[in-house]
**Student:** 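I'd like to ask you about the structure that follows.
Everything numeric in this text was worked out from a predicted model, so none of it was measured. Lettering follows sequence order; numbering is per chain, from 1.
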2 protein chains.
Amino acid sequence: MSRMSRGDRRDAIVAAAVAVAVRKGLASTTVRDVASEMGTSSGLIHHYFESMDDVLAAAFKRVASQDLTASGRQMVAAETPLAALKVFFRTYAPADKDWSFQLWLDAWAEAARRPAVRAISRQLNLEWQGLLEGVIRAGVADGTFTCAEPAAAAWRILSLLDGLALQVIAHGTTIGRDDVIAWTTGAAERELGLPDGALAARCARRGRARGTSPRPGPPGA
Amino acid sequence: MSRMSRGDRRDAIVAAAVAVAVRKGLASTTVRDVASEMGTSSGLIHHYFESMDDVLAAAFKRVASQDLTASGRQMVAAETPLAALKVFFRTYAPADKDWSFQLWLDAWAEAARRPAVRAISRQLNLEWQGLLEGVIRAGVADGTFTCAEPAAAAWRILSLLDGLALQVIAHGTTIGRDDVIAWTTGAAERELGLPDGALAARCARRGRARGTSPRPGPPGA
DNA sequence: TCGCGGATTGGACGGATGCGCAATATCGTC
DNA sequence: GACGATATTGCGCATCCGTCCAATCCGCGA
């Protein structure tokens, strides 16, 4: 394998780990898998990472924080809190075979036994909640929302979305993405004192930020 | 190991698998673990189960359906739909180190790759939703609840609870069991047209049906 | 052009994995 | 008491695991 600078190689390893984790699941991703995915030797992985736990945590972080920043960028770019909220639902609700959300399921399950994974998962969950809470506070400030407890409301909306999306990803046919969006936006409208349908309006279609491509992009810049 | 009838031995294997899965996680439970847990040989497990997938599915089913029937029994025994709903929240909300809910996390993550686990997980989730929907319909019928879509409302309440509980179990300190119950009951009150605090009243204390003991009970009748 | 340091290799290590099979032990039944 | 059925054993098989390390290769500065 051609030589690379320390940072580039780390990136390449993480990217390969993501590709494998998407295919086989976080818990079943092995050092050899990652090495053969990028056509190098297994020893190389341990030259850059202390343990497999760290590799998996980095892989999960790469995917999850990419989703978070992409969504966050779109949300802060929105002109009104209402528009930002619509962006949130559009980008967060998973598609049918959303490998990105499947990684979340893997991470939550692994969190109990892998400290590095738990730390990342917890931090990113907190950041999502903070992002949503910020939008709610902005909406309350400018009068579009009515909400007594922005922090709690953010947790409720986020968790409802997680719980419903989980059914879609884990079980497939139980409920669908459209149900997830419709039910969550409905709950959010009540949560924020919005009229019925204020959020529902045609935000269920197209242009997702996650799960669009079945394969992660190539590593490096 | 002393001889047992075909049914008893199957039960014993499943019980041992539960004990190991609680300790090590569903995904990391191996044939040898189960065998040594009950002091027998690994060949015995393969004599009773086609594959490890089936063993894990049976182990998960044992725990999860036990919770479901215990909770269901208490709910139908309740005198009013409101009381039944309180039982639901009290029994479903997980404690801090709830191994039973951790198994749900494991199952949801494994569902994508283990058909037998997926089938059980999906079925039990549907049964929980059906149980809750039945209570809501009963409450609507006798006038205590107001709800246009009992099925959707049941999914929302259940999923909100799952999403919040997930944070407690996977991340520990992010939010607590009290938050989970308070926020979910609050959402349920709005969902079912109940006055504030109708459900909250002191249902957060004591007497859980799940996660009470750190170890599963013995097999057999 | 040489040498050095770091990137990279590839396999050794002890142990674990699911699964399958021949051998054995122990029962109920005649 | 002997027999047949079957529950149970214990190990073999091929493959995999994470970790570790000596050897090798290569590019860059001198």
**Student:** Measure from the side-chain N and O atoms of B:S65 to the backbone N and O of B:K61, and report whether any donor-acceptor pair falls under 3.5 Å.
**Tutor:** yes
**Student:** Are A:D106 and A:R114 ion-paired here, with the side-chain N under 4.0 Å from a carboxylate O?
**Tutor:** no
**Student:** Given D:dG10, C:dT8, D:dA7, which nucleotide is nearest the side-chain atoms of B:Y48?
**Tutor:** D:dA7
**Student:** Report, as a single string ordered 5' to 3', how protein heavy atoms within less than 4.0 Å touch nucleotides 16-26 of chain D: B base, S sugar-phosphate only, - not at all.
**Tutor:** -BBBB----BB
**Student:** Compare side-chain N and O positions of A:S41 against OP1 and OP2 of C:dG10 and report whether any pair is under 4.0 Å apart.
**Tutor:** no
**Student:** Run the salt bridge (Lys or Arg N to Asp or Glu O under 4.0 Å) test against B:D179 and tell me which residues pass, sequence neighbours left out.
**Tutor:** none
**Student:** B:A154: what forms a side chain to side chain contact (heavy atoms under 4.5 Å, CB included) with it, not counting sequence neighbours?
**Tutor:** B:Q129, B:L132, B:E133, B:I136
**Student:** In whole Å, I'd like the distance from the CZ atom of B:F49 to the P atom of C:dG20.
**Tutor:** 15 Å
**Student:** So does A:F88 get a backbone contact from the side chain of A:T91, meaning a donor-acceptor N/O pair under 3.5 Å?
**Tutor:** yes
**Student:** Go through the structure and list residues passing side chain to side chain contact (heavy atoms under 4.5 Å, CB included) with B:R122, not counting sequence neighbours.
**Tutor:** A:H171, A:T173, A:T174, B:L126
**Student:** Run the side chain to side chain contact (heavy atoms under 4.5 Å, CB included) test against A:L68 and tell me which residues pass, sequence neighbours left out.
**Tutor:** A:L124, A:E127, A:W128, A:L131
**Student:** Should the heavy atoms of other residues, nucleotides or ligands under 6.0 Å from CZ of A:R73 be counted, would the total exceed 12?
**Tutor:** no
**Student:** Can you pull out the residues from residues 110-120 of chain B that lie within a 4.0 Å heavy-atom distance of DNA chain C?
**Tutor:** none
**Student:** It should be established whether B:R9 places a side-chain nitrogen or oxygen under 4.0 Å from OP1 or OP2 of nucleotide D:dA7.
**Tutor:** no
**Student:** Taking atom C1' of C:dA7 as reference, at what distance in whole Å does atom CZ of A:R10 sit?
**Tutor:** 15 Å
